[in-house]
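When a residue number appears, it is its place in the shown sequence, counting from 1. Below, all heavy atoms of this structure are taken into account, side chains as well, without hydrogens, waters or symmetry copies.
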Amino acid sequence: MYILSIIRSIYAVLSREQKTKMLFLQFFFAFSAIVQVVGVASIAPFIGIISNPDSIHSNKVLATLYELGKFESNNEFILGFALLSIAMIVISNGVSAITLWLQLRFSIYLGSSFQFQLFEKFINRDYLFHKSTNYNKLISIISADAPRFIYMVLQPYLLMCSQAFVAIIILVGLLFLDPVIAIGSALLIGGAYLGTYWIIKKSLKQHGDIITERNRLVQGILSESFIGIKDIKLNGLEKKYTENYRVVNQRGLDSSAYIALSGDLPRFAIETISFSAILLFAILVLSSSNSTNVVAILSIYAIAGYKLLPTMQQMYKSISSISANGAVVLQLKANLDVITEASAQQRPEPMGQVSAIQLHNISYQYPNTDKLALDDVTISFMQGQLNTIAGPSGSGKSTLADIILGLLPPAAGQLTANNLPITGKLLQSYQGTIGYVPQHIFILDDSVIANVAFGVSKEEIDIEQVKQALIHANAMEFVAKLPKGLETGLGQDGKLLSGGQRQRIGIARALYRQNKVLILDEPTSALDIESEHDLMSLLNQLKHEVLVIVISHRPAAIKLSDKISVIADGKLIADGNYTQLYTENYYFRSMIEKGFMSQ
């Protein structure tokens, strides 16, 4: 049964400690249910006493209480019994409040724990997973699915458990009073809710899936619209995006409304039927019972109905919510079950000076493809020369860069640095020496200092080292002209910076960490000719201090390189200096003469 598989999955995602806390909650639910029922049930004897004061002396229990309390009159006993009932109700409500608090506290604790675990799992997945997975989906799982599990599945399940104890105690009590009425009540109310759920359970799941889809699509639309705002404005696409958002969001909200109504609407019909049954039962009792006991008997069943009906309604509503949103539990379980290698608490010390990086017969093929992205590539990169990897789009340059960065393990061949194989623990030491400057540099919405010392806590930032990194990156001149100098905020994603300034901040970030290897991916693609020349001149200065590798298809950048490795269709087709390749390699010469390396 679908609902049972969801409940099993709830327990499957819990740790041993969390399961223990859940068990404690169940015991407290049972205790709370007893207190609640006793508190409400204490009203029935009180009504019986008021309607028939003589029962104080004719009933053995009441007579015993009368004697023990040393009451002097019936009115005094009734007052004492009223105070006792009030005390029981106060205790009952107090225990109910504590139960609710424990439920919420446990839910919030689990929610925080699951969101942290999911983020930890995702961040520790290998690079290939992130390269092939839409990050909007991951964000949606953490920010939407995890809270949805807590508030739409776990909390309803806990509420269902607590209400189930109440319902069982009431029905057991009625069973002792009148088995026929107890069984009839269970069949009437329980059967009505069960039948309703059976009819709509498939539609609940369908609408739950629509909500999941809505969360994914809304995340994607919002992300795309704000990231691509320039293109949206330029092409007048505001209406298209807002309309897409409206349609997707409305569909999800309609499904949320359906689930909410499905949980509440049956209550009105079932309460009407149930209270009608109670009234008919009252007529039956009046015609066949002693009038002195009628009020007491009816009050017991009325109070039982008063407590049982909302209890069963809450159980049904919880089951409806679990059924509609249960798919997120299976999704969370699938993601939490993934085995990942947690990052080391403390990374090993970076390698010393890296004077050479070699790739020996490297091959790589992406999963679910039938073509090699890299095919038997052998290249060496040396410090003291400006190394450039050139080639058209889709040639394998970025894949080669990812392997040099140690982010993708080669399917065949070996990566070495200073003739040492980059495997095992040495991989992290090697990666600690690398400064990577991507084509689009990630800029924090923070100060120049925070951006250069990216990832370093404010207390540990060395300001002098930041300044030296900016000077070496030829960035200090423009930083000094900013309104607050080093303390100037650069805006979200560096919107206040030009392309050349972004590149210099990226290089300064790499130099701040005193990396021994500097790898730049298409660093000149967004620069004008003058900025491109300045950047390549800077790299020619840095090549004596660090090993520099540039990935580029721009002829101007290629011409200023000392060693050029040309990649096409995943193969190394040329390797040498500019003059040598231009003279001896037809492919390279034709690309340069066309003015670009992107076709």
> Any Lys/Arg nitrogen of Arg216 or Asp145 sitting under 4.0 Å from an Asp/Glu carboxylate oxygen of the other?
Replying inline: yes

| task | Given salt bridge (charged side-chain N to carboxylate O under 4.0 Å, His left out), test Glu243 with Lys240 step by step and report yes or no. | result | CA-CA 5 Å; Glu243 182 62 18; Lys240 177 184 176 182; over 6 Å; no

Hits for side-chain hydrogen bond (donor to acceptor under 3.5 Å, both in side chains) against Glu224, two or more places apart or cross-chain, chain-then-number order -> none

Quiz item: Do Gln155 and Gln103 have side-chain heavy atoms sitting under 4.5 Å apart?
Solution: no

(Q) With ring pair (Phe, Tyr, Trp, His ring centres under 6.0 Å) as the criterion, how do Tyr578 and Phe588 come out once you've worked through the C-alpha distance, each side chain's angles and the decisive distance to 0.1 Å? (A) CA-CA 9 Å; Tyr578 180 82; Phe588 178 80; 5.7 Å; yes

What verdict does the side chain to side chain donor-acceptor pair (under 3.5 Å) test give for Gln117 and Ser113, after you've listed the backbone C-alpha separation in whole Å, the side-chain angles of each residue and the deciding distance to 0.1 Å? CA-CA 6 Å; Gln117 288 178 63; Ser113 175; 2.9 Å; yes

Rounded to the nearest 0.5 angstrom, the CG-CG distance for Leu539 and Leu560 is 10.0 Å

The reported gap from CD1 in Ile357 to OG in Ser380 (rounded to nearest 0.5 angstrom) is 10.0 Å

Residues Ala475 and Arg504: closest non-hydrogen pair is CB-CB, 3.7 Å

Distance col, row Ile141:CD1 vs Phe119:CZ, nearest 0.5 angstrom, shows 13.5 Å

Quiz item: Is any side-chain heavy atom of Ile507 closer than 4.5 Å to a side-chain heavy atom of Leu542?
Solution: yes

**Study point:** Arg214 side chain to Val248 backbone, donor-acceptor under 3.5 Å
**Key:** no

Do Glu487 and Ser447 pair up side chain to side chain, a donor and an acceptor below 3.5 Å, judged on atom types alone? no

Closest non-hydrogen contact found for Tyr135 with Ser223 is OH-OG, 3.2 Å

Is it the case that atom CE in Met536 sees more than 12 heavy atoms from other parts of the structure closer than 6.0 Å?
yes

Heavy-atom nearest pair, Thr433 first then Gly352, reads CG2-O, 4.4 Å

Decide yes or no on salt bridge (charged side-chain N to carboxylate O under 4.0 Å, His left out) for Glu213 and Arg251, but give the supporting numbers first.
CA-CA 10 Å; Glu213 182 187 25; Arg251 189 163 177 248; 3.1 Å; yes

For Ile211 and Gly252, the nearest pair of non-hydrogen atoms, with its separation, is CG1-O, 3.9 Å

_Does the plane of the ring in Phe454 sit parallel, tilted or perpendicular to the ring in Phe442? Use 30° and 60° as the thresholds._
perpendicular

By side-chain hydrogen bond (donor to acceptor under 3.5 Å, both in side chains), Arg589 pairs with (sequence neighbours left out) none

(message) Surrounding CG of Asn540 (heavy atoms of other residues, nucleotides or ligands, distance under 6.0 Å), is the total greater than 12?
(response) yes

Q. Are side-chain N/O atoms of Gln414 and Gln358 paired as donor and acceptor at under 3.5 Å?
A. no

Rounding to 0.5 Å, atoms NZ (Lys397) and CD1 (Ile389) come to a distance of 9.5 Å

